[in-house]
Amino acid sequence: MNAARVIAKFLKDLFSSIRFGIVLLLIIAVIAIVGTVVEQGKLPQYYDKLYGAEAAEWILKLSINKIYGSLWMVVPTVLLVINLIYATLLKIPSIVRSTAVPKKFHINPKFSESVSVGNRYDAIIQSSGILKSHHYKIYKLADGSLFAHKGVLSRFGMVVVHLSILIILLGGLIGALYSYKNFVNFVTIDAGYSKKIPEINTVMKLDRFWIDYWPDGSYKQYNTMISFIKNGKVVYKQLLNHDNKLDYGGFRFFHEYHEKSYDRVKSVVLLLYDKRTQKVVGNSITAEWNRWTKIGPYSVKVVDFVPDFYFDKVSGRITTKSIEYNNPAVRIQVKGAPNSFDWEFIKYPGDSINEFKGDMAVVAYSINPIYFVNFRYAYNPGANLIWFGSIIMIIGFMLSFYLYYRRIHIDVDSDAERLILSGNSYKHKDSFTREFERISKEIKDCLREET
Amino acid sequence: MILSLLFFDITFGFYIAAAISYLIYFLFKKEWFGYTGTLLFFIGFLSNVATLIVRAIEIHHVPFSNLYESMVFFTALLAAAYLWLEFRYKTKSVGVFVSFLIVISFFVTNLLPFRYKVYAYLNPVLQSYWLEVHVSTSFIGYAAFAISFIAALLYLAKSKWSNIAVFEAIPDVSSLDNLSYKAISWWGLPFLTIGIVTGGVWANITWGSYWSWDPKETWSLITWLIYAAYLHARVARGWKGKKAALLSIVGFLSMAFLYWGVAFILPGLHAYSETAQ
């Protein structure tokens, strides 16, 4: 045997081996574990800091930092695909043969029983009726014996599951090669902020962004009213939130994230408070950022904002501890008054660092933040194939594990006095045992009545 | 006072009492304690279900949106599966192991910080019917894997110490081996698969990506691969007995890490599961 044939035989044996498939499944599992232990896709400095320079160098050199797209993952996956295809193709003919061609199989049957009979023809007919009542499909063989089976599809369950894995992997491959995503950012400081989406030559306009909150202050819903504009005309308008998906121009748009501005606000809701009567005077007004607004006898302007108020005693400056809105405060200027600046605390209305000495106090009640809103728009042509493969896989599991292929052969032995029942089940033999015993008993009882 | 927490404590009490009763039955073969164990376990199960119902009424959504709620849901499924097994196989001796696993689960759940136990409103991502489908199917799979794990452990114990009197009441090794396999093939792997797929659909709707190699996703794949290897080894290679039992145990450890380890150790998209999700 020459070397080429030896190699060919080795490969044939390897790729038809279920043991090889099991090893590949476990290798992929181990590689996936490594990928969850070593965080993926970080900058080299991250690994350097966490694991030390030498280990970090190996992590990068061996592509362990992007292991899921590396040869570590690709090679065993490709080998598994070949194994899957080859082993399945080898198996199909024997499955078809064993299910499509009715035949005698009472040589080494798993279950057998013999019943005394008088008339061969009657016995077969009676048995046929009983098997039918147990949902068996009946075939009369050339020698006059009966072959019955049910759950044929279950024999193909494994093939269906393997096929579904191939479909899912194909969907993943198509997605990896042809999926597309891009991002678009908006700042809510200007109403109707627009950005061009070059892929569909359309302008996307953010009409409004707002957040709904639950009573405890946690996020309930992020809402965005979006318009698409072509040639100066609005061609599509829709509310985007978690309940309303936005599909336009072949892309699906997602709210990716939003952040509040940490150095200014869009507007502030103000109240006028009479210190003498200790009552609120008039209605609230909304003061836009850095714009003079009339409230009662005063003109006020919002000139500064910190999200997390902090007074630095050393420098004497007011600054912020963080970019989180832990203790937001706005600075309000009152026109024409000496020392005319107030720091107002939004979470504590009425508390203020009050430099403005008047009979009335300007109280900041709430703020309208400026949001930076980021949207992702994407398409993945492989996704539908993945869903299709997933449905096929579930069907395959159902066929494999919830249906059982069972077959029964009924013949009369040579002296024509005994009926020979043979049975076989590919899975769940204990439940088949019970069914086989029931069928045997029913046949016995039936024939006993006849005789 | 949160009423569901009171129900939780009552349920915990019944399961502890059932575990003790089953233990006495297991050690001393007192039939009366076996029946008492079953009765207490059944009441514990009803109380477990009531805990979930009360919780659902309190929070106005399905009660498996955080680790605390999902543990209560998991124990209810495990208890239901065991009751079915006891009814089907007419054996009470496995009850001691299942009830102790449930008691441990309740104990660990009880150790969770209070912020896990108070109900929180659902964030936008979790306000989806996919939450119900994804979590419920996944947890049916988890409960089945737990049953398979217990059967595998008992198989190993019984095959090693078959001459010890206390193991006589345990079903024979062949039945345990078969139970371990059926729990995986009938319930565990199919429902884990549905859980992974529905999770992918949900992620695709929410984030525009059905798979992100997030640690939770990855560990669900790892668990799936281990159980797929188990089924291939069993069905095609004829692995039975000790080797199959060991692989079932490895699969369960992977599932336990998927459930608990990922939430506490590994960062990722499911990190929010620790509080209000």
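Each chain gets a letter, A, B and so on, in the order its sequence line appears, and its residues count up from 1.
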Given a strict heavy-atom distance threshold of 4.5 Å, which part of Val201(B) is in contact with chain A: side chain, backbone, both, or neither? both
When only pairs under 4.5 Å are counted, which of Ile205(B), Leu189(B), Ile226(B) shares the most heavy-atom pairs with chain A? Ile205(B)
Looking only at heavy atoms and a cut-off of under 4.5 Å, which of Lys245(A), Lys181(A), Arg252(A) has the most pairs with chain B? Lys245(A)
What part of Ile165(A) gets within 4.5 angstrom of chain B, counting heavy atoms only: side chain, backbone, both, or neither? side chain
Does the plane of the ring in Phe74(B) sit parallel, tilted or perpendicular to the ring in Phe139(B)? Use 30° and 60° as the thresholds. perpendicular
Heavy-atom proximity to chain A below 4.5 Å, by part of Tyr129(B): neither
Quick one: what part of Thr206(B) sits under 4.5 Å from any heavy atom of chain A, side chain, backbone, both or neither? both
Tell me which of these, Asn178(B), Ile196(B), Ile222(B), Leu221(B), has more heavy-atom pairs under 4.5 Å with chain A than the rest. Ile222(B)
Please confirm whether the backbone N or O of Pro171(B) pairs with a side-chain atom of Ser175(B), one donor and one acceptor, at under 3.5 Å? no
Where on Ile386(A) is there a heavy atom nearer than 4.5 Å to chain B: the side chain, the backbone, both, or neither? side chain
Check each atom of Asn380(A) against the heavy atoms of chain B and say whether the ones under 4.5 Å are side chain, backbone, both or neither. side chain
Say whether, by atom type as modelled, one donor and one acceptor occur between the side chain of Lys42(A) and the main chain of Glu39(A) under 3.5 angstrom. no
Could you look at Trp224(B) and say if it's the side chain, the backbone, both or neither that has a heavy atom under 4.5 Å from chain A? side chain
Picking from Asp212(A), Asp216(A), Val161(A), which has the most non-hydrogen pairs under 4.5 angstrom with chain B? Asp216(A)
Given heavy-atom pairs under 4.5 angstrom as the criterion, report whether the side chain, backbone, both or neither of Ile394(A) touches chain B. side chain
What distance do Phe87(B) atom CZ and Tyr82(B) atom OH have between them, rounded to the nearest 0.5 Å? 13.5 Å
Between Asp177(B) and Lys240(B), is there a salt bridge with N-O shorter than 4.0 Å? no
OG1/Thr91(B) to CG/Leu176(B) distance, rounded to the nearest 0.5 angstrom? 8.5 Å
What residues of residues 14-26 of chain A sit under 4.5 Å from chain B when you count only heavy atoms? Ile18(A), Arg19(A), Ile22(A), Leu25(A), Leu26(A)
Checking heavy atoms, do the side chain of Asn241(A), its backbone, both or neither come under 4.5 Å from chain B? neither
Best-contacting candidate, Gln40(A), Glu256(A), His255(A), Arg376(A), against chain B by heavy atom pairs under 4.5 angstrom: Arg376(A)
Whether the side chain of Glu259(A) engages the backbone of Tyr371(A) through a donor-acceptor N/O pair (distance < 3.5 Å, no angle test) should be reported. no
Donor-acceptor check, side chain of Glu217(B) to backbone of Ser212(B), threshold 3.5 angstrom: yes or no? yes
Under 4.5 Å heavy-atom distance to chain A, tell me which part of Leu231(B) shows up: side chain, backbone, both or neither. side chain
List the atom of Val37(A), the atom of Tyr51(A), and the distance in Å for their closest heavy-atom pair. O-OH, 3.7 Å
What heavy-atom pair brings Gly195(B) and His134(B) nearest, and what distance separates the two atoms? O-ND1, 2.7 Å
Between Ser148(B) and Ala144(B), is there a donor-acceptor pair closer than 3.5 Å when you use the side chain of the first and the backbone of the second? no
For Lys220(A), which atoms come within 4.5 Å of any heavy atom of chain B: side chain, backbone, both, or neither? both
Max heavy-atom pair count under 4.5 Å with chain B, selected residue of Trp387(A), Tyr222(A), Tyr402(A): Trp387(A)
Tell me, for Tyr181(B) versus chain A, whether the close heavy atoms (under 4.5 Å) come from the side chain, the backbone, both or neither. side chain
Does a side chain donor of either Arg155(A) or Ser98(A) reach within less than 3.5 Å of an acceptor in the other side chain? yes
Which label fits Trp213(B) and Trp211(B): parallel for a plane angle under 30°, tilted from 30 to 60°, or perpendicular past 60°? perpendicular
Among Ala236(B), Pro190(B), Gly208(B), residue most engaged with chain A (heavy-atom pairs, under 4.5 Å): Gly208(B)
Heavy atoms of Tyr47(A) and Gly41(A) approach each other most closely as OH-N, 3.4 Å
Sequence neighbours excluded, which residues qualify as ring pair (Phe, Tyr, Trp, His ring centres under 6.0 Å) partners of Phe253(A)? Phe228(A), Tyr377(A)
Contacting region of Thr193(B) [heavy-atom separation from chain A under 4.5 Å]: side chain
Would you mind telling me which of Asn185(A), Asn182(A), Leu240(A) makes a side chain to side chain contact (heavy atoms under 4.5 Å, CB included) with Phe375(A)? Leu240(A)
At a 4.5 Å cut-off on heavy atoms, which part of Phe401(A) comes close to chain B: side chain, backbone, both, or neither? both
